[in-house]
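To start, the structure under review is shown below, and the notes come after it.
Below, all heavy atoms of this structure are taken into account, side chains as well, without hydrogens, waters or symmetry copies.
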Amino acid sequence: MTPPTARTWSRRGTTPIIRIRGRSQRRISIAALAGHKAGERSQLIYRPIIHWDHKTIGRRSFAWTDYRDLLVAAHQQLGEPIVLVWDNLNVHRDRRLREFINAQDWITIHFLPRYAPQLNPVEGIWSLLCRRCQANTVFTNPTHLMRALRQGLRHIQYRTGLIDGCLSGTGLTMGGQEHSP
């Protein structure tokens with residue numbers, strides 16, 4: 001993974017340089033749900049997966065079963081029906097996942113318009129995560145990266161103001177109140 005760059009410092013007249021060797025055969029995927037319920041704290045529920053050798057074994061991302069398991073876990077954790085607002089990722093529209101969702105009475109699903117990442121609060125979460133725990137860092141191995149990602153996600157998870165900011169930054173209506181960026 002090529003690290004995002006951010007502001008840094010160095011001795012006067014010296015440009016900071018980060019050297020990266022080689023390319024990894026591993027890939028990390030993270031799925032997240034940013035949730036809001038009127039009168040309660042906003043929540044972030046996430047699941048990371050390391051794909052150890054995605055070039056020879058196959059999947060390089062979450063399968064529909066991983067999203068199904070995330071939804072079931074979220075429902076158990078929240079104990080409430082879920083209104084899911086999703087982007088148009090191909091696996092979100094997978095026939096098997098749609099059949100699972102249609103069979104549940106506790107999920108209502110709405111899709112965002114195509115090419116509208118500004119309406120997806122999870123995009124704000126990813127932006128916070130990149131700026132917080134990935135900027136100017138070269139990770140030595142996937143475990144090092146996963147540890148940093150989990151720490152960054154926990155930081156966001158326990159600071160509900162960050163989640164609220166990502167939710168209100170979309171300009172979508174939540175709980176009958178209009179939120180504007």
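When atom types are taken as modelled, the side chain of Asp66 and the backbone of Ala63 share a donor-acceptor pair closer than 3.5 angstrom. Distance alone, capped at 3.5 Å, places no donor-acceptor pair between the Glu40 side chain and the His36 backbone. Within the 3.5 Å criterion, the main-chain N or O of Leu44 finds a donor-acceptor partner in the side chain of Gln157.
Closest non-hydrogen pair, Ala73 versus Arg47, comes out as CB-NH2, 3.2 Å. The minimum heavy-atom distance linking Leu167 with Gly35 is given by the pair CD1-O, 4.1 Å. A pairwise comparison of heavy atoms in Leu129 and Leu153 identifies CD1-N, 3.7 Å as the closest pair. The two residues Cys166 and Gly124 make their nearest non-hydrogen contact at SG-C, 3.5 Å. The heavy-atom pair separating Thr160 from Ser42 by the smallest distance is CG2-O, 3.3 Å. Between Val122 and Ala34 the shortest heavy-atom distance is CG2-N, 4.2 Å.
The shortest distance between side-chain heavy atoms of Leu119 and Pro113 falls below 4.5 Å. Taking the side chain as every heavy atom from C-beta outward, Leu33 and Leu71 approach each other to under 4.5 Å.
Checked against ring pair (Phe, Tyr, Trp, His ring centres under 6.0 Å), His155 has no partners two or more places apart in sequence or in another chain. Residues forming a ring pair (Phe, Tyr, Trp, His ring centres under 6.0 Å) with Trp106 (at least two apart in sequence, or on another chain): His75. When the side-chain hydrogen bond (donor to acceptor under 3.5 Å, both in side chains) test is applied to Arg96, the partners found at least two apart in sequence or on another chain are Asp94. Annotation: side-chain contact (heavy atoms from CB on, under 4.5 Å) contacts of Arg114 (sequence neighbours excluded): Asn88, Arg93.
Distance CG/Leu97 to OG1/Thr65: 9.5 Å, rounded to 0.5 Å. The distance from the CD1 atom of Ile109 to the CG atom of Leu84 is 5.0 Å, given to the nearest 0.5 Å. Atom OH of Tyr67 is separated from atom CZ of Phe100 by 14.5 Å, given to the nearest 0.5 angstrom. One finds the CD1 atom of Ile45 at 4.0 Å from the CG atom of Leu78 (value rounded to the nearest 0.5 Å). Of the inter-residue distances, the one linking Asn120 atom CG with Asp87 atom CG reads 5.0 Å to the nearest 0.5 angstrom. Here the NE2-CH2 distance, from His92 to Trp64, works out to 14.0 Å after rounding to the nearest 0.5 Å.
Applying the salt bridge (charged side-chain N to carboxylate O under 4.0 Å, His left out) definition to pairs two or more places apart or across chains, none involves residues 135-156. Listed by first and then second residue, the salt bridge (charged side-chain N to carboxylate O under 4.0 Å, His left out) pairs involving residues 68-80 are Lys37-Glu80 (not counting sequence neighbours).
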**OP:** For the pair Leu162 and Leu128, evaluate side-chain contact (heavy atoms from CB on, under 4.5 Å) and give the outcome as yes or no after the intermediate values.
**Re:** CA-CA 8 Å; Leu162 295 175; Leu128 289 171; 4.0 Å; yes
**OP:** Output, in order, the C-alpha distance, side-chain angles, deciding distance and verdict of side-chain contact (heavy atoms from CB on, under 4.5 Å) for Phe111 and Leu89.
**Re:** CA-CA 10 Å; Phe111 284 98; Leu89 186 66; over 6 Å; no
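More than 12 heavy atoms of other residues, nucleotides or ligands sit less than 6.0 Å from atom CD of Gln118.
By the criterion of side-chain heavy atoms lying less than 4.5 angstrom apart, applied directly or through intervening Ile, Leu, Val, Met, Phe, Trp or Tyr residues, Tyr158 is not grouped with Ile30; the two fall into different hydrophobic clusters. Side-chain heavy atoms closer than 4.5 Å link hydrophobic residues (I, L, V, M, F, W, Y) into clusters, and following such links, possibly through other members, connects Trp126 to Ile156.
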